[in-house]
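Source: prediction; values computed, not measured. Counting starts at 1 for both ligands and their atoms, following the listed order.
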Amino acid sequence: MGVTGLVLGIPVFFDIGIFVLAPLVYVAARRGGRSLVLYAMPMLAGLSMTHAFLPPHPGPVTAGGLLGVGMGWIIAMGLLCGIPAWLVSGVWWGAFIGKRVLVEVPADAPGAPGPAGGAAAAGGGGGGGAPAEQAPGGGVATGEPGGGAPSTATGTVEPAGAATGTVEPAGAATGTVERAGVATAPPSVALISLIIAVPMLLILGATVGSVALPEGSGLRDVLIFLGTPAIALTISVLLAMYLLGVRRGTSMGELSRISGESLRPVGMILLVVGAGAFFGKVLQETGVGDALAGSMTAIGLPVIASAYLISAALRIAQGSATVAIVTTAGIIGPTVAAESYSQPQIALIVVAVSAGSIIASHVNDGGFWIVSKYFNMSVKDTLKTWTVLETILSVVGFAAAGLVWMFV
Ligand SMILES: O=C(O)[C@H](O)[C@@H](O)[C@H](O)[C@H](O)CO
């Protein structure tokens with residue numbers, strides 16, 4: 001489950017990853033007969049790590065832009081620091097707490113035998129309509145408790161493909177997927193993995209090209225162009241549309257409908273990023289940012305530690321990881337620009353900001369409520385499991401960044 005969270009976490013926003021993967025966690029927990037927490041934690045750690053540490057997620061991409069560092073460096077440093085943090089928080093802590101906090105799969109979760117599962121099957125259809133109904137991201141950006149989170153009792157919250165009324169995701173039981181009345185074989189894992197990897201590979205290619213090739217080289221310029229996040233993501237979307245849509249017989253009208261529906265959660269993400277950048281600019285213009293960064297430097301804190309602390313304070317105060325990252329990057333931008341840090345060093349500062357942004361998810365974080373509702377946990381159990389997981393992910397990620405800092 002952890003690896004699934006890591007891989008699927010690369011292209012999707014944290015909260016949406018939960019909508020998509022929760023049914024798989026239910027299946028694993030039912031089959032394994034152990035606590036839901038044991039299966040949910042590694043997956044959540046994977047989603048959260050990629051959300052905070054890795055492009056193309058909006059937080060690290062915006063922070064990289066504000067601090068002037070190549071995305072490839074952020075990927076390299078994000079992976080270097082994020083993987084150990086995921087191992088400790090998701091794998092070790094997940095196994096530890098999963099044996100102690102016993103939570104059952106909700107009886108009416110997708111795939112449950114009985115009336116609710118049947119209702120889901122009846123209303124399911126396995127199509128792409130479900131996410132739009134769930135308004136993924138709606139509760140995310142607003143931090144609204146329970147917003148966008150399941151009311152598993154209604155049987156209406158399953159992501160596309162989950163509402164099949166079987167324990168498998170759509171089509172897994174039969175090996176086919178229903179789309180517009182036509183049964184087609186599901187795409188291969190290799191193809192999906194390739195599509196997920198494309199933006200990362202293009203972004204890394206740009207960084208490798210900019211380091212390894214001489215200025216003025218045509219290939220270098222092409223690689224840098226292709227690895228610009230907006231271009232890399234556009235290429236990936238077009239590739240996905242072709243390989244998963246056109247080539248498999250999806251009509252242009254259907255593709256256009258799916259694309260239109262995808263814009264809904266994107267709007268909320270843009271609002272979160274915009275709000276963070278706006279907040280950061282206000283703090284910068286009013287001098288609060290400089291005062292904060294200055295006083296931290298005055299007490300002798302290295303910039304990487306100030307970055308972590310400011311981001312952690314913002315996260316605890318307002319909840320959203322993305323807002324914390326973008327705001328902190330705005331605050332520390334001038335301090336970072338005033339020194340001549342190398343690209344790997346700035347990437348590590350971004351990692352520290354990212355690590356701070358996920359500390360102590362609690363009641364003001366939309367993700368807290370989504371985790372609590374989807375994984376059937378009381379507020380107390382969510383604090384004991386998820387809040388601690390996020391704090392471990394944060395502290396280990398920051399410790400790793402500090403360690404790597406000594407060698408770059
Ligand atoms: O706005 C955001 O970036 C997200 O909503 C996060 O805050 C998640 O809820 C989660 O906490 C990530 O770990």
Checklist entry - Would F19 and Y374 count as a close aromatic pair, with their ring centres under 6.0 Å? => result yes
Item to check | Rounded distance [0.5 Å steps], CE in M377 versus OG in S35 | outcome: 8.5 Å
Checklist entry - Between A321 and ligand 1, does any nitrogen or oxygen pair lie at a separation below 3.5 Å? => result yes
Checklist outcome for this item: Under 4.0 Å between heavy atoms, the region of H362 that gets near ligand 1 turns out to be neither
Checklist entry - What heavy-atom pair brings P106 and R30 nearest, and what distance separates the two atoms? => result O-NH2, 3.6 Å
Checklist entry - Is there at least one pair of N or O atoms, one from S361 and one from ligand 1, spaced under 3.5 Å apart? => result no
Next on the checklist: V371 vs I18, test: side chain to side chain contact (heavy atoms under 4.5 Å, CB included). Steps then yes/no.
Outcome noted: CA-CA 8 Å; V371 169; I18 297 185; 3.8 Å; yes
Checklist entry - Counting both backbone and side chain atoms, is some N or O of G366 under 3.5 Å from an N or O of ligand 1? => result no
Checklist outcome for this item: Contacts satisfying side chain to side chain donor-acceptor pair (under 3.5 Å) that involve residues 75-104 (not counting sequence neighbours) are none
Checklist entry - Does G319 reach ligand 1, in the sense of a heavy atom lying below 4.0 Å from it? => result yes
Next on the checklist: Within the 4.0 Å heavy-atom shell around F14, which atoms of ligand 1 are there?
Outcome noted: 8 (C), 9 (O), 10 (C), 12 (C)
Next on the checklist: I'd like to check which ligand 1 atoms, numbered from 1 as shown, lie under 4.0 Å from a non-hydrogen atom of H51.
Outcome noted: 2 (C), 3 (O), 4 (C), 6 (C), 12 (C)
Item to check | Side chain, backbone, both or neither: D15 near ligand 1, heavy atoms under 4.0 Å | outcome: side chain
Item to check | Option of least heavy-atom distance to atom 1 (O) of ligand 1 (set: P58, S357, S320, G17) | outcome: S320
Checklist entry - Taking all atoms of both residues into account, what is the closest heavy-atom pair of R248 and P187, and its distance? => result NH2-CD, 3.6 Å
Item to check | Student check: side-chain heavy atoms of V379 and W369 closer than 4.5 Å | outcome: yes
Checklist entry - Against heavy atoms of R315, which atoms of ligand 1 measure under 4.0 Å? => result 7 (O), 11 (O)
Next on the checklist: Test: side chain to side chain donor-acceptor pair (under 3.5 Å). Region: residues 387-408. Which pairs qualify, not counting sequence neighbours?
Outcome noted: S48-E390, Y308-S394, R315-E390
Next on the checklist: Could you go through C81 and V404, starting from their C-alpha distance and side-chain angles, then the distance that decides it, and tell me whether this counts as side chain to side chain contact (heavy atoms under 4.5 Å, CB included)?
Outcome noted: CA-CA 8 Å; C81 305; V404 180; 4.2 Å; yes
Next on the checklist: Within ligand 1, which atoms have a heavy atom of E390 less than 4.0 Å away?
Outcome noted: 11 (O), 12 (C), 13 (O)
Next on the checklist: List ligand 1 atoms under 4.0 Å from I358, heavy atoms only on the residue side.
Outcome noted: 13 (O)
Checklist entry - Counting each atom of ligand 1 from 1 as listed, which ones have a heavy atom of G367 under 4.0 Å away? => result 9 (O)
Checklist outcome for this item: Under 4.0 Å between heavy atoms, the region of T322 that gets near ligand 1 turns out to be both
Next on the checklist: So if I count the atoms of ligand 1 from 1 in the order they appear, which ones are less than 4.0 Å from some heavy atom of D365?
Outcome noted: 5 (O), 6 (C), 7 (O), 8 (C), 9 (O), 10 (C), 11 (O)
Next on the checklist: In terms of relative ring orientation, are H57 and H51 parallel, tilted or perpendicular, with 30° and 60° separating the classes?
Outcome noted: perpendicular
